[in-house]
Amino acid sequence: MRLAPVTEENHRAVIGLELHEDQRTFVASNLKSIADARVHRPKLEPPALHSGAEPVGFTLLERDEPGVPHIPRFMIDRRAQGRGLGRAGLAAIAARARAEGRSELVLSVVPGNAVARGLYAAFGFTETGEVDGGEPVARHRLAPSAHLVGDQ
Ligand SMILES: CC(C)(COP(=O)(O)OP(=O)(O)OC[C@H]1O[C@@H](n2cnc3c(N)ncnc32)[C@H](O)[C@@H]1OP(=O)(O)O)[C@@H](O)C(=O)NCCC(=O)NCCS
């Protein structure tokens, strides 16, 4: 899994990624996220998540708190869910953040989103007790790359 820019080649596929109906309140549409990133660049970056040549997911990364990238949006296409790609996508985001010298990742999650909360906890995010817009905040400390294994 790798982070890839949204380009002329893949943008239709990225916008066409879908969620299950009962997941649609958990995250804004990719089209909205791409528009948000355009307006707020370079603070927001909207990478596609590619498995092989094709996008299977999408994320929005925000550089706000110095040194701590925030992940405001993260999704895997409904047809590709349940195969470990969510975990692999987080690993790709973590690898990028470590390569940039970041020490932590932060995100918040809709309280009723049990699958995402479970995934984040299993990946190593800890809910801190902070609440952002009604959503519990979770943070993940990043080990320096030289010492990290099993995150690819
Ligand atoms: C959250 C999401 C990204 C997970 O993607 P995924 O590719 O299915 O994740 P994985 O295959 O890596 O699975 C992660 C864990 O969730 C579990 N899981 C996945 N789909 C599940 C489902 N429908 N019901 C219960 N558990 C599920 C998996 O079993 C796995 O747990 P495990 O490691 O203990 O086995 C995906 O469900 C999604 O896009 N949801 C909608 C958008 C969203 O909620 N984004 C997060 C916003 S904060």
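Here the structure is a predicted model, which is why all the values come from computation and not from measurement. Read the numbers this way: they start at 1 and go in the same order the structure lists the ligands and their atoms. Residue numbers run from 1 in the order of the sequence given.
A donor-acceptor pair under 3.5 Å links the side-chain atoms of R117 to the main chain of P111, judged by distance alone.
Which parts of ligand 1 touch L119 is read off a 4.0 Å heavy-atom cut-off, strictly below it: atoms 4 (C), 14 (C). Against a heavy-atom cut-off of under 4.0 Å, M75 is close to the following atoms of ligand 1: 39 (O). In the vicinity of L19, heavy-atom distances shorter than 4.0 Å reach the ligand 1 atoms 39 (O), 41 (C), 42 (C). Within ligand 1, the atoms closer than 4.0 Å to a non-hydrogen atom of L85 are 7 (O), 11 (O), 12 (O), numbered from 1 in the order shown. Short contacts between ligand 1 and N113, defined as distances under 4.0 Å to a heavy atom of the residue, involve ligand atoms 43 (C), 44 (O), 46 (C).
In this structure, atom 46 (C) of ligand 1 has a protein heavy-atom contact shorter than 4.0 Å. For atom 5 (O) of ligand 1, the nearest protein heavy atom lies closer than 4.0 Å. Proximity of atom 26 (N) of ligand 1 to the protein is indicated by at least one non-hydrogen atom lying closer than 4.0 angstrom. The protein does not reach atom 29 (O) of ligand 1 closely, with no heavy atom under 4.0 angstrom from it. Checking atom 16 (O) of ligand 1 against the protein gives a heavy-atom contact under 4.0 Å. There is no protein heavy atom less than 4.0 angstrom from atom 32 (P) of ligand 1.
Checked by distance only, ligand 1 and G84 come closer than 3.5 Å through their nitrogen or oxygen atoms. Taking distance alone, with nitrogen or oxygen atoms compared against 3.5 Å, R83 approaches ligand 1 more closely than that limit.
Atoms CD and CZ, from Q81 and R83 in turn, are 10.0 Å apart once rounded to the nearest 0.5 Å. Annotation: the span from R79 atom CZ to L17 atom CG amounts to 7.0 Å, rounded to 0.5 Å. Note that CG of L61 and CD1 of I71 are 6.5 Å apart. Values are rounded to the nearest 0.5 Å. Taken from OG1 in T59 to CD1 in I76, the straight-line distance is 9.0 Å, to the nearest 0.5 Å.
Within the 4.5 Å cutoff, no side-chain heavy atoms of E62 are placed close to those of H40.
Each of L60, V109, I93, V27 was scored for a side chain to side chain contact (heavy atoms under 4.5 Å, CB included) with F74, with one residue passing: I93.
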Practice task
Test Y120 against L107 for side chain to side chain contact (heavy atoms under 4.5 Å, CB included), laying out the working first.
Solution key: CA-CA 9 Å; Y120 297 145; L107 51 77; 3.7 Å; yes

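By the neighbour-count criterion of 12 heavy atoms within 6.0 Å, atom CZ of R2 is densely surrounded, having more than that number from other residues, nucleotides or ligands. Around CD of E21, the count of heavy atoms belonging to other residues, nucleotides or ligands within 6.0 Å does not exceed 12.
For G82, the closest heavy-atom approach to ligand 1 falls below 4.0 Å. For G118, the closest heavy-atom approach to ligand 1 does not fall below 4.0 Å.
With distances taken over non-hydrogen atoms, the option nearest atom 48 (S) of ligand 1 out of F123, Y120, F74, F26 is Y120. Taking each of M1, R73, Q81 in turn, the one with a heavy atom nearest to atom 38 (C) of ligand 1 proves to be Q81.
For L85 against M1, the heavy-atom pair with the smallest separation is O-CE, 3.1 Å. The two residues V14 and A48 come nearest to each other via the heavy atoms CG2-CB, 3.7 Å. The shortest non-hydrogen separation linking A94 to L142 is CB-CD2, 3.8 Å.
In terms of protein heavy-atom proximity, atom 40 (N) of ligand 1 is closest to Q23 NE2, 3.6 Å. Looking only at protein heavy atoms, the nearest one to atom 12 (O) of ligand 1 is R87 N, 2.9 Å. Counting only heavy atoms of the protein, atom 39 (O) of ligand 1 lies nearest to I76 N, 2.9 Å. At the top of the distance list for atom 24 (N) of ligand 1, counting protein heavy atoms only, stands V115 CG2, 3.5 Å. The single protein non-hydrogen atom nearest to atom 7 (O) of ligand 1 is G86 N, 2.9 Å, given as residue, atom name and distance.
Salt-bridge formation is not detected for the pair E45/R41: no Lys NZ or Arg NE/NH1/NH2 atom is positioned less than 4.0 Å from an Asp or Glu carboxylate oxygen.
Contacts of V27 with ligand 1, taken as heavy-atom pairs under 4.0 Å, involve the side chain alone.
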